[in-house]
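Below is one structure, written out as structure tokens; comments come after it.
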Amino acid sequence: MSDTDIVKKQEAGKIALLLSYVFLFLCSVGLFITATAIPASRFEKLGAGAFPKLIFAIMALVAAIAFIGTIREIPRSAYANFIAESVAWAKRCYLVFVCLGALTVYLLLIPVLGFSIASLLFLFGLQVALMPRTAKSIALAAVIAVVFSFGLNWVFAEVFTVFLPRGVL
């Protein structure tokens, strides 16, 4: 591996670190805003949300300081190929995005369709997307999806007496 490849890898690592600091900052700010909605108690002056707000404010401050420090370390030339390399990486890892998209749809469908039907669709769809598509594998995927969606719902309801979401429909 040449010296330029090593430098490019180090720069890519610093850019990834920079993006993680941005993500942590945004999460901290979002959680701080959420913590402001915690109702205050009449027995304490600061309220129940004071400690979470303090922690999230410190996290946001530390992330901002780390972000500024990391920006100063990254040379301007490192940003040139970042978008092209990011698109190439996304194309290589497209199945990760398929799984994340399926999970997002699944989580949105649970309140509407209920746990069993949403899980059935999620499991079957993701298995079909990820495995070789033969008649035998699709039949196996259907059996697995039915067993794990309706079977898990039955186990929770009958054994643990915990009722999973039924959905609007």
Side-chain angles (χ1 to χ4, degrees), residues 1 4-130 148-149 152 156 162-169:
M1 190 179 277
T4 56
D5 290 338
I6 292 172
V7 170
K8 282 185 179 182
K9 283 191 182 277
Q10 289 174 345
E11 290 173 351
K14 288 181 182 180
I15 290 176
L17 193 61
L18 180 76
L19 293 175
S20 71
Y21 292 144
V22 170
F23 178 75
L24 287 173
F25 177 79
L26 293 174
C27 287
S28 299
V29 169
L31 289 169
F32 180 87
I33 292 169
T34 303
T36 58
I38 297 174
S41 169
R42 64 181 178 159
F43 300 112
E44 23 181 349
K45 291 184 179 184
L46 292 177
F51 185 70
K53 287 193 293 189
L54 176 69
I55 296 298
F56 296 135
I58 291 172
M59 285 174 56
L61 180 65
V62 169
I65 291 169
F67 174 81
I68 292 168
T70 305
I71 278 186
R72 295 163 78 199
E73 293 177 4
I74 300 173
R76 299 230 184 262
S77 62
Y79 297 106
N81 293 329
F82 176 71
I83 293 175
E85 290 180 20
S86 297
V87 169
W89 171 82
K91 286 180 182 177
R92 285 191 312 269
C93 301
Y94 75 95
L95 286 177
V96 172
F97 297 108
V98 168
C99 292
L100 287 174
L103 180 64
T104 303
V105 170
Y106 170 62
L107 293 175
L108 292 173
L109 286 179
I110 286 177
V112 178
L113 299 177
F115 175 81
S116 295
I117 297 173
S119 296
L120 175 77
L121 295 174
F122 170 71
L123 290 171
F124 182 72
L126 201 56
Q127 288 180 87
V128 169
L130 295 177
F148 278 96
S149 60
L152 198 58
F156 270 86
V162 173
F163 298 100
L164 298 173
R166 295 204 184 261
V168 177
L169 304 176

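Everything numeric here is computed off the predicted structure, so don't read it as measured data. For this chain, numbers begin at 1 and follow the sequence in order.
Remark: Phe156 engages Phe160 in a ring-ring contact (aromatic ring centres under 6.0 Å, His included) (not counting sequence neighbours).
The structure places CD of Glu73 at 8.5 Å from CG of Leu17, a figure rounded to the nearest 0.5 Å. Considering CZ of Phe122 and CD of Gln127, their distance stands at 9.5 Å, rounded to 0.5 Å. Taking SG of Cys27 as the start and CE of Met59 as the end, the distance is 8.0 Å to the nearest 0.5 Å. From Leu61, atom CG reaches atom CD1 of Ile65 across 4.0 Å, with rounding to the nearest 0.5 Å. Considering OG of Ser149 and CG of Leu123, their distance stands at 6.5 Å, rounded to 0.5 Å. A distance of 9.0 Å separates CG of Leu54 from CZ of Phe32, quoted to the nearest 0.5 Å.
Exactly one of Val22, Ile15, Leu18, Leu19 qualifies for a side chain to side chain contact (heavy atoms under 4.5 Å, CB included) with Thr70. That residue is Leu18.
In this structure, Phe25 and Ala60 approach most closely via the heavy-atom pair CD1-O, 3.3 Å.
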Report all side-chain donor-acceptor pairs from residues 94-115 shorter than 3.5 Å, counting only partners two or more places apart or in another chain.
unit_1: Thr104; atom_1: OG1; unit_2: Leu100; atom_2: O; d: 2.8
unit_1: Tyr106; atom_1: OH; unit_2: Ser119; atom_2: OG; d: 2.8

